[in-house]
Amino acid sequence: MHYSIPYEKDLNQSQLNAVQYHHSPLLVLAGAGSGKTRVITYKIAYLINECGFDPESILAVTFTNKASNEMKIRVMSLLGEEVDVWIKTFHSTAAKLLRVYGSYFGIKQGFSIIDQHDQHTVVRDIIKKMNIDTESHKPEKYVYLIERAKDNLLDPEEARAAEFSTDPLFYDIFHKYASILKGDNLFDFGDLIYNVVRILRENKEALTLLKRRFRYILVDEFQDTNHSQYILVKLLALPEGEVCVVGDDDQSIYGFRGAKVENILNFQADYKGTKVIKLEENYRSFQTILSASSSLINRNTGRLGKTLYTRKGKGEKLCFFHASTDRNEAIFIASEIQELIFRNGYSFSDMAIFYRMNAQSRSFESILSQLRIPYIIVGGLRFYEREEIKDILSYIRLVINPMDEISLRRVMAKPPRGIGTKTVDTLIQCTIRGGVPFYDFKNCSEISSSRSKKLSNFTALIMELSEEMNKTYPPDILRKIYDETGYVEWLKEQNKEEKLANLDELYNAVEEFSRRNPSSPISEFLEEVSLNQAAGDEEFQNNRVCLITLHNAKGLEFPVVFIAGMEEGIFPHFLSGGHKDDIEEERRLCYVGMTRAMEKLYLTAAKLRRLYGRNIERSISTFIHELPEDLLLYKEEKHLENKSVSYYSSEARNQIKRGGDKSYRRTDSFVESDIEKGTRIIHKQFGKGKVLELEKGIAVIKFDDGKIMKFMLQYTPIRREETDED
DNA sequence: CCAATAAGTGTTTTT
DNA sequence: CACTTATTGG
């Protein structure tokens, strides 16, 4: 009847055990590259196909949208059809639960979700109103404390009782913050989880309802759960214990947002009869990469401990390059990318550059675009965080939720309407704070008639839009907002071409959304983008080098990885403090980065780095010194200068001097590749083979399946077959 | 009271 | 470099 899945063939023994076991709670300790996602996806398929679970009764939670999307696709391809399993992030699970079941349990519908920037704005306003200076009392500090309090399921009063912070002002600020969000019907990320937990704890009926619905729960990246997420899972999963969590304590990198590695350790204590399965075979990396990263992570204390091994062969040494400046670091990486493309047959999408801070991407952007190397920045200055995009989204939010003062403030002077902060303050005071929508201001005596007239124009516009909100096709609503608020006109006056282009892109995104979900209102689009801050999902489709932060790189893999900025103060970052725990988290981050690499791993540093406008001398990261010397190949700029091959000194540099060559053409130096007559090669598409003839850059290759083909070497994705010589 | 401009400052990682 | 705050002209 259903697809028969060859579990035994596709999985190794430990993976198979993890997939088939479901007699008690299951903890899978999955080392880097050990097939963690494979286990979860096959397990979901197994539960449905072999154990008779209704797809709707399975809940699989991840941390990122990227992970959940990938998981959905893989489950779908295993089962051969789309299934109704909930595969979602923690936050979108919570949001969906609050939307679907919330109204039964006292959650007001139509809430919007705010991001950290909005949180910051609210807190800054509170501090200002309290007449405290924002120098010694930094808003970001309070945002951080509020988030941590919510992670720990504390409301302002409970936080005070628990002496959560030594700063007495905190409780007051937290209290004001909470009441503003409540009054505006806004939720921050922490509220989503917090409120679900609160309902489940206080309301037996809700708990029964959800427990009846979700019979089996899977959690990915369990080491990244914070307290509230841990409790949420526990509420749903106990006492039955139909649960499987997968994680790796060595890859815990989100301590700064409340994640607790201890949750992995506590798991066995909280869930009676837990079965532990370790996945220790690494399918991703060569031995050198694995050895180097293992010896780094071995320096951390309090680990559960795993012994990863690989059967992929030895591999080359890692390369450490010490550049004189950050610019030269970028040039080195760029030229190395060209080499790997032309000589080894890698494609751009095989390679990634990792860095600790988003600000580091700039130097790569400029060099790569000068050399016409295609790249994509993942994360970074995200699309939905751009000013113009947030402005338009705020208009939509305001139309949906007239109590949303954050959006109101944001949008009021864009374009300028003769209404400033003073007037907005009084307006909010006598409307939203009194529990009525912002457009009910007729009883406000404090607002002068001249302002009142201007306000009326604005409120009439928003009310008109809200009339149409539910009956109009979402892209048309967007168009109306563009035109009738005067926003697009305003941008045109200022010749903000890029912003206008972004608004076109936003329009396309809404159109695309409406095509996917024909009957969904625009509010659902809003939900989607609030919880999925990432850019479009065609990120990896084109052939581009991936530029990404180390944090975002978790869960990904690339044949070639460059980790840039291996310098004290940057990585480990100086703000991460000198404390042991912080350094260990940075070390885990380095471990995560290194273990993304399948074949080649480069680590680079600069002696002089320009950052935030000033040049600073930097020394090499301790993490480099912590790697075994015999696994590292040191390269310095001066070594390269002497090289006769046009390496980075002439070829790449000349191009940069020319400002990039549009008709970029390989030069002879690249023809001297390491491929010659007789070389065994791997072709990206056709697999392994041997070079029979090689003349004028054209190779005749006989593949192992007998096929003989001709290729232009320079355009062919082939590279030497790595021989694991001893 | 609003809006545009000039000076000043402090710098991570993300759902 | 980007973002916040202070100042000034309207």
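When reading the values below, keep in mind they use all heavy atoms of this one structure, side chains included, and skip hydrogens, waters and symmetry mates. Every chain is numbered from 1 and lettered A, B, ... according to where its sequence line falls, protein lines coming before strand lines.
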Any side-chain donor-acceptor pair under 3.5 Å between A:Ser228 and A:Asn226? yes

Q: Kindly indicate whether the side chain of A:Arg356 and the base of B:dT13 share any N or O donor-acceptor pair separated by less than 3.5 Å?
A: yes

note: A:Asn226, atom CG; B:dT13, atom P; distance rounded to Å ~ 20 Å

Rounded to whole Å, the CD-C1' distance (A:Glu365 to C:dC1) equals 13 Å

To the nearest angstrom, the CZ-C1' distance between A:Arg610 and C:dC1 comes to 9 Å

Please tell me whether A:His137 and A:Phe170 form a close aromatic pair, meaning their ring centres lie under 6.0 Å apart. no

- request: Tell me whether A:His573 is stacked on the nucleobase of B:dT12, counting only the six-membered base ring and applying the 5.5 Å and 30° thresholds.
  value: yes

For the C1' atoms, the ones on B:dT13 and on C:dT4, what distance do you get once it is rounded to whole angstrom?
23 Å

**Report entry** Ring-face cation contact, A:Tyr591 with A:Arg588, 6.0 Å cut, 45° max
**Finding:** no

Rounded to whole Å, NZ of A:Lys414 lies from P of B:dC2 at a distance of 17 Å

Comparing nearest nucleotides in DNA chain B, the 5'-proximal residue of the pair A:Trp490, A:Leu611 is A:Trp490

- Query: Between A:Arg386 and A:Tyr384, is NZ or CZ placed under 6.0 angstrom from the six-membered ring centre and within 45° of the ring axis?
  - Reply: no

- Message: Please tell me if A:Asn552 has a side-chain N or O lying less than 4.0 Å from either OP1 or OP2 of B:dT14.
- Response: yes

Q) So, is A:Asn358 close to the B:dT14 phosphate, meaning a side-chain N or O under 4.0 Å from OP1 or OP2? A) yes

Base, sugar-phosphate, or nothing: which does A:Phe256 touch, judged by heavy atoms less than 4.0 Å apart? base

Out of B:dT15, B:dA4, B:dT12, minimum distance to the side chain of A:Pro416 belongs to B:dA4

Q) Do you see a donor-acceptor pair shorter than 3.5 Å between the side chains of A:Arg198 and A:Asn195? A) yes

- Pick base, sugar-phosphate or nothing for A:Gln116, based on heavy-atom distances below 4.0 Å to the nucleic acid. base

Heavy-atom nearest nucleotide on DNA chain B taken for A:Glu586 and for A:Thr64; more 5' hit belongs to A:Glu586

With sugar-phosphate taken as primed atoms, P, OP1 and OP2 and all else as base, the protein-contact string of nucleotides 4-10 of chain C at under 4.0 Å (heavy atoms; B, S, -) is SS-----

- Query: Have A:Arg397 and A:Ser407 got a donor and an acceptor in their side chains that come within less than 3.5 Å?
  - Reply: yes

Under 3.5 Å side-chain donor-acceptor pair for A:Thr622 and A:Glu568: yes

Worksheet item: Contact class for A:Arg417 vs. all strands (heavy atom < 4.0 Å): base, sugar-phosphate, or nothing?
Response: sugar-phosphate

In whole angstroms, the gap separating P of B:dT13 from CD of A:Glu140 amounts to 13 Å

From the candidates B:dT15, B:dT12, B:dT14, the one with an atom nearest any side-chain atom of A:Thr549 is B:dT14

Among B:dT15, B:dT14, B:dT12, the one nearest any side-chain atom of A:Met357 is B:dT12

Practice item. Assess the side chains of A:Asp188 and A:Gln119: does a donor N or O sit below 3.5 Å from an acceptor N or O? Key: yes

How are the rings of A:Phe90 and A:Phe63 set relative to one another: parallel (under 30°), tilted (30 to 60°) or perpendicular (over 60°)?
tilted

Between CZ of A:Phe574 and P of B:dG10 the distance, given in whole Å, is 12 Å

Between CZ of A:Phe354 and P of B:dT14 the distance, given in whole Å, is 13 Å

Practice task
Identify whether any heavy atom of A:Tyr254 sits under 4.0 Å from a base atom; if not, whether one sits that close to sugar-phosphate; answer base, sugar-phosphate or nothing.
Solution key: sugar-phosphate

Which of B:dT15, B:dT12, B:dT14 is nearest the side chain of A:Leu575? It is B:dT12

- [ ] Sticking with atom C1', work out how far C:dT5 lies from B:dT12, rounded to a whole angstrom.
- [x] 24 Å

From CG of A:Leu531 across to P of B:dT14 the rounded distance in Å is 17 Å

Tell me what A:Lys138 touches on the nucleic acid: a base, only sugar-phosphate, or nothing, going by heavy atoms under 4.0 Å. sugar-phosphate

